[in-house]
Number of protein chains: 2
Amino acid sequence: MNTKLSTKQITKQLHAEIEHMKSADNKKFATEKEIMERFSVSRMTARQVLDILVTDGLLYREKGKGVFINKRILQQSQYIHSFTELMKERGLTPSSRVLSFKKVVPPEIVRLTLGMPEETRCYCIKRLRLANNQPVAYEIIYTPVELFPNLEKYDFENDSFYRILEQEYLQKFSYDKEVVSATKVVDEIAESLYGKKSGVALKVVDTLYDIEQKPLEYTESWYHAERYSYVSITQKR
Amino acid sequence: MNTKLSTKQITKQLHAEIEHMKSADNKKFATEKEIMERFSVSRMTARQVLDILVTDGLLYREKGKGVFINKRILQQSQYIHSFTELMKERGLTPSSRVLSFKKVVPPEIVRLTLGMPEETRCYCIKRLRLANNQPVAYEIIYTPVELFPNLEKYDFENDSFYRILEQEYLQKFSYDKEVVSATKVVDEIAESLYGKKSGVALKVVDTLYDIEQKPLEYTESWYHAERYSYVSITQKR
DNA sequence: GTATAATTATTGTATATACAATATCAATTT
DNA sequence: AAATTGATATTGTATATACAATAATTATAC
């Protein structure tokens, strides 16, 4: 079989190839012509593939010169916001402990953010997240029962919440908003993270939206100040 | 004169139009055909314009339907990382106080991050950043003297560091990496932010790179925990 | 009236072509 | 030897065309 590859397939393949070229920092990657010939596609298709890889931050173009690898950026994938994948990327073994799993009437800030009518209920999942068996984050997920019915049948100890939404409920995402701040923690959270009555944590409030800008979930996380830092890479067009 | 607009000019114009359509949340924006006819361009050019606006998060496409406005995302521009602009966006009046401006041999972490040879010097600028005259951040900028000679002639009280690099030194940026964590602060920093001997702050370490991935500057900032939070919006393709 | 089919509008993907702008290198001229 | 010119490679911009995939609307059949 010699079925021709689609733009997406070519992009995926080249993406993987770049990821594996670990020591190829700032090296010339390819020319549009090479991509055209290698995959037997037109120049516009080759350009489209390269454009995606440029937008993703893997490559950069220089007029009259060629397309080059943006190696440093690979140290941190830009699109990962799942705890599991982040920890793996940092070479740690992630795990989770479900502290509680309930249906509740949410706090007002959550209800308003998620655009829920009064008195409607949402799932409230509390998890302790660990890396190499050390506590790294205390997390509370809120998501409307109506949106994801029967969520209780999934295993939140060993599964990713994002994966469940994406693959089990076929939910598509559009964007993700995170608000990061420094706070004091007490009681249960301080106890879980530090084993004492109070401490300082990095708080991340995450809201995930679908393609029609409807909020899907609201998650509050408190990260261990010494064991976690939040990394963000912004492309400057 | 009826000179035809370029892709960039059309994009800029539509960008401004979308920004001004404040209450147009989730409304249909345009079809490719309309853009073609309105600006007398080919479909591919119209698509390219819309693609940029989609990548910027202002619009989203739906196959068979059209192109729609992504309104909520406008509440927070994604590409702004300048303190001045961020504060303005939040409706506050920003100002700065230069605490010191020296040439120094940098700490090792800075030297290594900036790829500087041993014993070479860099500028070290300490600023207190305020919003409505209240201290919001204590900031230390490090940048090699070699890269931006005569930096001392600029006014860091009333001018933006980014603007100076961009417009005075014609420096182009590629990307920006920020590492955010929660820390305790003492001495001068605690005193400047909270007026007391110790406190908790949101620490942001920023590294800016040029198009060849060369690091240009290293900035450490400690933000007032109650007066600032870091917001990040990530598009999920 | 309701279900089915056809039509139309719209975005998605792909090809072919042309010329402009920039960078590099070789050939030519001074 | 140095400067200029020209050729070549490469990305940037723009047009024209074709057909596929999806969504909404309209027309038709029952």
Side-chain angles (χ1 to χ4, degrees), chain A residues 2-15 18 26-70 170 172 174 210-213 235-237, chain B residues 2-15 18 26-70 170 172 174 210-213 235-237:
Chain A
N2 217 323
T3 30
K4 212 167 160 181
L5 295 174
S6 70
T7 304
K8 274 184 187 166
Q9 289 170 311
I10 298 171
T11 307
K12 206 173 169 182
Q13 188 177 323
L14 293 180
H15 201 300
I18 296 167
N26 284 24
K27 220 178 76 179
K28 186 162 184 177
F29 177 62
T31 64
E32 294 175 355
K33 208 179 165 190
E34 281 163 28
I35 304 294
M36 285 169 70
E37 285 163 1
R38 177 165 162 207
F39 296 99
S40 311
V41 291
S42 69
R43 189 176 159 214
M44 286 310 276
T45 305
R47 275 184 69 80
Q48 215 188 320
V49 168
L50 294 172
D51 277 341
I52 294 169
L53 296 169
V54 167
T55 305
D56 285 359
L58 279 92
L59 302 175
Y60 65 98
R61 324 177 80 126
E62 283 195 61
K63 196 170 185 172
K65 287 171 131 180
V67 182
F68 303 83
I69 294 185
N70 233 348
L170 304 175
K172 291 195 174 176
S174 155
D210 76 357
I211 46 163
E212 259 133 26
Q213 283 65 62
Q235 294 289 321
K236 310 265 178 189
R237 282 158 293 190
Chain B
N2 217 323
T3 29
K4 212 166 157 181
L5 296 174
S6 71
T7 304
K8 274 183 186 166
Q9 289 170 310
I10 298 172
T11 308
K12 206 172 170 182
Q13 187 177 325
L14 293 179
H15 201 298
I18 296 166
N26 283 26
K27 222 179 74 179
K28 186 161 183 179
F29 178 63
T31 65
E32 293 174 355
K33 210 180 164 191
E34 282 162 27
I35 304 294
M36 285 168 70
E37 286 163 1
R38 176 164 163 208
F39 296 98
S40 312
V41 292
S42 69
R43 189 176 160 216
M44 287 309 278
T45 305
R47 275 184 70 79
Q48 215 189 319
V49 169
L50 293 171
D51 276 342
I52 294 169
L53 296 170
V54 167
T55 305
D56 285 359
L58 279 91
L59 301 175
Y60 65 98
R61 324 178 78 126
E62 282 195 62
K63 196 170 184 171
K65 286 173 133 182
V67 183
F68 302 84
I69 295 186
N70 234 346
L170 303 176
K172 292 195 174 176
S174 156
D210 76 358
I211 47 164
E212 258 135 27
Q213 283 64 60
Q235 294 288 323
K236 309 266 178 187
R237 282 156 296 187

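Per chain, numbering begins at 1; letters A, B, ... match sequence-line order. For clarity, every value in this text was computed on a predicted model and none was experimentally measured. Below, each value reflects all heavy atoms present in this structure, side chains not excepted, and no hydrogens, waters or symmetry copies.
Closest approach to the R61(A) side chain among dT13(C), dT15(C), dT11(D) is made by dT11(D) (side chain taken as heavy atoms from C-beta onward). Distance from the side chain of K63(A) is smallest for dT11(D) among the nucleotides dA21(D), dT11(D), dT13(D).
The residue among V41(A) and G66(B) whose nearest nucleotide of DNA chain C lies closer to the 5′ end is G66(B). Where S6(A) and G64(A) meet DNA chain C, the nucleotide closest to each residue was compared, and S6(A) sits on the side nearer the 5' end.
The structure places CG of L59(B) at 4.0 Å from CD1 of I18(B), a figure rounded to the nearest 0.5 Å. Considering CE of M44(B) and CG of D51(B), their distance stands at 8.5 Å, rounded to 0.5 Å.
M36(A) and A46(A) make their closest contact through CG-CB, 3.9 Å (heavy atoms, listed as atom of the first residue, atom of the second, distance). Between I35(A) and V41(A) the shortest heavy-atom distance is O-CG2, 4.0 Å. Across all their heavy atoms, E34(A) and F29(A) have their closest contact at OE1-O, 4.3 Å.
Rounded to an integer number of Å, the gap from CD of E37(B) to P of dA16(D) is 13 Å. Taking atom CE on M36(A) and atom P on dA16(C), their separation rounds to 8 Å, with Å as the unit.
For dT11(C), the OP1/OP2 oxygens have no side-chain nitrogen or oxygen of K65(B) closer than 4.0 Å. Phosphate contact (OP1/OP2 of dA16(C), side-chain N/O of R43(A), threshold under 4.0 Å): absent.
R38(B) places a side-chain heavy atom less than 4.5 Å from the side chain of L14(B).
Near DNA chain D, meaning a heavy atom under 4.0 Å from it, residues 44-51 of chain B has M44(B), T45(B) in order of number.
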